[in-house]
Asks: 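Quick one: structure below, then a few questions.
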Amino acid sequence: MIPKIVLTSGHVDFLKKVSELSGQVVTQCDQCGTCSASCPMVDGMDITPAQMMRLVQLGRREVLESKAMWICASCFACTVRCPRGLDLSKVAEALRQIQLRQAIDHIDIKSIPKDEIERLPQIALVSGCRKFTG
Amino acid sequence: MSSTEFTSREQSQMKRTGVYVCHCGGNISEVVDVKRVAESVLGQPDVVLAKTHEHMCSETGQNLVINDIKEHRLDRIVIAACSPQFQGPTFKATLDKAGLSPYVLEMANIREQCAWPHFGFPGEATRKAMSLVGMALAKVDLDEILKKLTFPIGRRVLVIGGGIAGIQASLDLGDAGFDVYLVEKEASIGGKMMQLSRTFPTEDCAACILSPKMADVAANRNIHMLTYSEIENIEGYLGHYEVTVKKKPTYVNPDKCTCCGDCVDVCPAVAPNELDQGLLSRKAIYLPSPIAVPHAYVLDIKACLGLLPIACGKCKEICDPGAVDFNMRPELIRFTVDTIIVATGYDIFDAGQKKVYGFGQYENVVTALDVERMIVHAAEGNPMRPMGKRIAFIQCVGSRDEQVGNESCSRICCMYATKLSQLLKRSDPSRDIYVFYTDLRAYGKGFEEYYKRAQGDGVKFIRGRPAELVEDPRTKKVTLRAEDTLTRTIIESEFDLVVLSVGLRPNEGTEAIAKLLRLGKSPDGFLQEAHPKFRPVDTLTDGVFLAGTVQGPKDIPDTVAQASAASSRAIRLMNRGEYDVDPVTAFVHVESCDGCGLCVDRCPSQALSLSANVAVINEALCKGCGSCIAHCPKAALDLHCYTNDQMLAQVRAALSDKEGPDVRTLIFADDMTGYRLADNVGTAKMSYALDSRIIRVPSCSRVTPQLMLQAIALGADGLILCESEKNSNPYPHSVPTIMSHVSKAKEILGQVDIAQDRIHFVQFVTVMLAGFVNNINRLSEIARKLGPIPAEPLQRLSQDMDKKLFGGDHDS
């Protein structure tokens with residue numbers, strides 16, 4: 001089914017927030033797709049980097065649910081090639097920040113049995129609990 | 001000398017002034033008591049009569065002035081009515097009719113700048129109107145009797161560049177009977193158009209429609225064609241540009257050459273052929289193009305083995321008519337012209353700069369201009385190289401790309417790619433052709449239909465800018481990676497040929513010409529027109545015009561239209577045999593000038609020079625901005641119609657009725673924007689502080705730091721300098737000049753402990769009505785808050801003002 005969206009001022013607020021956090025004039029992206037075709041990680045993403053920019057332009061918060069910003073390796077291939085001089089890595093980082101600041105715990109350590117904790121790699125536990133950092 | 005006395009240079013003689021106050025059918029008289037205004041000036045020594053009239057601009061109003069001039073022998077006129085921007089020309093003509101110089105008229109703007117903005121305050125508005133009339137009287141007293149300057153002008157034009165723009169301009173001018181010098185640096189005229197296959201969207205054969213025009217140039221008796229020639233130097237001004245051209249030797253006498261081609265057959269030296277973008281080769285002696293004009297062989301000295309019979313000399317030996325001449329030398333040709341058309345055109349973007357596309361490394365990555373040549377040769381049954389079945393075009397290469405330093409759109413690439421893709425597809429329908437674009441701009445006549453035709457022919461347009469190309473080292477095929485942004489998928493495909501739709505850059509020769517002629521550049525590097533809307537082919541250098549892509553990327557029809565426009569603008573100046581110059585020019589008080597020469601380099605129009613140790617102004621070059629005046633430590637420089645004495649007299653008059661706790665602000669407004677803006681504010685009936693007085697100047701760069709300080713010393717509580725913002729300013733240098741004047745004045749205010757906030761500089765466009773009002777009101781508020789300036793700092797300000805402004809160096 002084709003989704004329908006209604007454009008509201010709430011959308012503008014989200015765009016504003018991402019623009020402020022990233023310092024990038026996201027609305028200047030002209031959707032040429034150079035970033036997507038330059039991205040070495042794009043095969044693993046659910047939306048392309050250009051699509052991420054588009055969703056932010058339209059202020060659509062569902063971009064936060066996409067995996068793309070977490071798969072971004074901050075290699076800057078998009079940034080050095082963007083014909084409009086935009087830094088997409090910063091936009092992806094802004095999205096990660098917004099998500100992290102919601103302080104969502106992805107795991108509850110207390111509910112994991114002790115022997116399992118001992119088997120789990122430490123880094124997985126730390127990143128699973130990450131809050132307010134980035 | 002008391003602190004606030006600034007003496008006039010000469011004692012003014014008794015004048016016979018007539019003052020007229022207009023009702024404007026109630027527009028003025030419903031607010032301002034016009035009768036009281038007229039009465040207020042009676043009894044002043046120079047005023048012979050003061051009258052009111054319902055409509056001064058009507059025939060009866062004008063006749064009233066004409067009769068009074070005759071009957072009362074009036075020699076100065078003040079008309080208090082609407083803005084001089086509005087009816088000024090009418091009243092100037094009235095004076096002219098009565099036999100008076102139109103320059104002894106002053107208008108007090110009591111409609112747009114008094115009755116209308118202050119409509120709610122009739123009493124105050126009447127007092128302000130009296131003050132405005134007082135200012136006009138003070139100025140008119142010092143008006144000089146000036147005449148329009150007329151200079152002779154001939155009918156000779158230099159056209160720089162022999163592409164289609166230069167060809168069209170030369171033909172228009174030559175046909176109209178003007179003498180044209182057409183200078184082209186290549187051996188043949190024709191330019192880039194000569195290389196093209198067909199033209200969009202009609203698909204005419206480019207060479208077929210160009211060659212008759214080139215032949216017309218050669219046949220036109222009024223056109224002196226100077227090919228293989230470059231501009232060495234240009235000096236002078238409108239009506240007198242001295243040009244030096246260096247003509248390189250071709251070593252072939254065109255009058256004797258029969259174009260038999262025998263020399264080519266024997267020539268052993270080979271070089272890349274420029275006509276074919278270097279993709280094919282030619283001999284050292286060659287014909288620049290099959291349609292070359294002049295139609296003669298050229299010997300390329302860089303490729304030749306040597307001009308000595310001992311080195312080679314085969315061409316000279318075989319040439320039957322004896323056209324080859326090794327003794328030719330570079331020639332310097334000097335001539336004088338009246339106007340100049342710059343048509344130096346473009347170069348294509350150097351695709352090698354866009355490294356990710358591998359141009360120059362990958363043999364199957366070529367530019368669109370290369371493909372033009374390939375199509376020409378293929379159509380002649382002489383294919384240059386195989387072009388393959390799978391072809392991709394990449395748009396915006398070198399355009400709309402900050403990574404290569406060019407943000408702008410090159411305008412023609414969408415359509416030439418649409419053209420080339422169709423030509424390739426139609427010549428072999430089994431080809432698979434893709435055009436990768438970001439935005440497809442089909443804005444011109446017939447363009448959208450042409451784009452649709454390409455789609456119908458099966459060319460596939462994909463919205464996405466390719467990120468990189470990779471060559472298969474074995475097959476030499478090229479893999480392209482892009483996002484199809486409409487389906488959000490990544491495309492990775494192999495092509496036989498990738499065509500880069502390269503953008504346009506200014507021709508490399510443009511820079512030197514721009515420097516010689518003092519032409520400005522827009523941010524994209526192309527030359528700047530005088531006004532983007534109303535003077536699209538003029539430049540700010542008088543008598544110099546732009547034609548074609550030197551001004552910005554454009555297609556052939558636009559280029560031809562602009563070339564015809566440029567020639568008609570040149571004809572407009574030359575046709576009458578003389579041209580008028582407004583007498584508002586700078587002049588020198590010779591007795592004060594000590595020949596220090598400080599002013600000479602400061603004139604942006606280079607109208608100032610030193611002659612016999614005295615500054616001299618070339619009135620044909622002077623634009624009358626007045627920015628030179630501030631640089632003279634001896635006050636020897638001045639400006640007609642806005643003399644130092646007149647400026648000071650107006651300031652003094654504006655402050656003369658200031659009483660006790662009154663605040664009085666002075667607004668210097670430039671002719672182009674500030675003054676018009678004030679008029680627009682009045683027309684919109686927007687009110688602002690009554691305590692402001694607006695003084696009109698050609699440019700605020702005329703307002704010297706000295707004048708600002710004198711105004712403060714005489715009692716002004718605050719000043720604003722209103723100037724056109726840089727982009728729309730007729731004097732592009734004025735904004736930085738004003739900034740330095742203002743900071744100088746502020747610095748001195750700071751030294752004597754007067755608030756620097758009393759002087760403001762604001763840049764405007766004519767629609768910023770609210771901004772204008774806010775600035776005036778805010779200054780009045782500031783002045784009120786600061787209170788009057790105490791006597792002590794005022795006195796310190798007036799002491800040794802010259803020394804503060806210019807230091808001690810120039811007191812000798």
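Note: hydrogens, waters and symmetry copies are ignored here, and every other heavy atom, side chains too, is used. Reminder, nothing fancy here: chain letters follow the sequence lines and each chain counts from 1.
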Asks: When heavy-atom pairs shorter than 4.5 Å are enumerated against chain A, which of Glu468(B), Arg481(B), Glu402(B) gives the highest number?
Replies: Glu402(B)
Asks: Between Asp401(B) and Asn406(B), is any pair of side-chain heavy atoms under 4.5 Å apart?
Replies: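 SC-SC contact between Asp401(B) and Asn406(B) ruled out.
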Asks: Salt-bridged, Asp30(A) to Arg84(A), with N to O below 4.0 Å?
Replies: yes
Asks: If the threshold is 4.0 Å, N to carboxylate O, is there a salt bridge linking Arg400(B) and Glu407(B)?
Replies: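 Salt bridge between Arg400(B) and Glu407(B), a charged N being under 4.0 Å from a carboxylate O: no.
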Asks: Using a strict cut-off of less than 4.0 Å between a Lys/Arg side-chain nitrogen and an Asp/Glu carboxylate oxygen, indicate whether Asp496(B) and Lys477(B) qualify as a salt bridge.
Replies: yes
Asks: Measure from NZ or CZ of Arg390(B) to the centre of the six-membered ring of Phe495(B), then state whether that distance is under 6.0 Å and the direction lies within 45° of the axis.
Replies: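 Ring-cation test returns yes.
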Asks: Sort by residue number and list every residue of residues 450-466 of chain B having at least one heavy atom under 4.5 Å from chain A.
Replies: Arg463(B), Gly464(B), Arg465(B)
Asks: For Val404(B), is it the side chain, the backbone, both or neither that has a heavy atom under 4.5 Å from a heavy atom of chain A?
Replies: neither
Asks: Got a sec, which pairs hit salt bridge (charged side-chain N to carboxylate O under 4.0 Å, His left out) with one end in residues 14-23 of chain A, sequence neighbours left out?
Replies: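 For residues 14-23 of chain A, and leaving out neighbouring residues, there are no salt bridge (charged side-chain N to carboxylate O under 4.0 Å, His left out) pairs at all.
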Asks: Tell me which of these, Cys35(A), Ser38(A), Ala50(A), has more heavy-atom pairs under 4.5 Å with chain B than the rest.
Replies: Ala50(A)
Asks: What are the two closest heavy atoms between Arg441(B) and Cys414(B), and how far apart are they?
Replies: N-SG, 3.3 Å
Asks: Answer with side chain, backbone, both or neither: which region of Cys78(A) has an atom nearer than 4.5 Å to a non-hydrogen atom of chain B?
Replies: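 No part of it gets close to chain B.
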Asks: So does Pro83(A) get a backbone contact from the side chain of Gln403(B), meaning a donor-acceptor N/O pair under 3.5 Å?
Replies: no
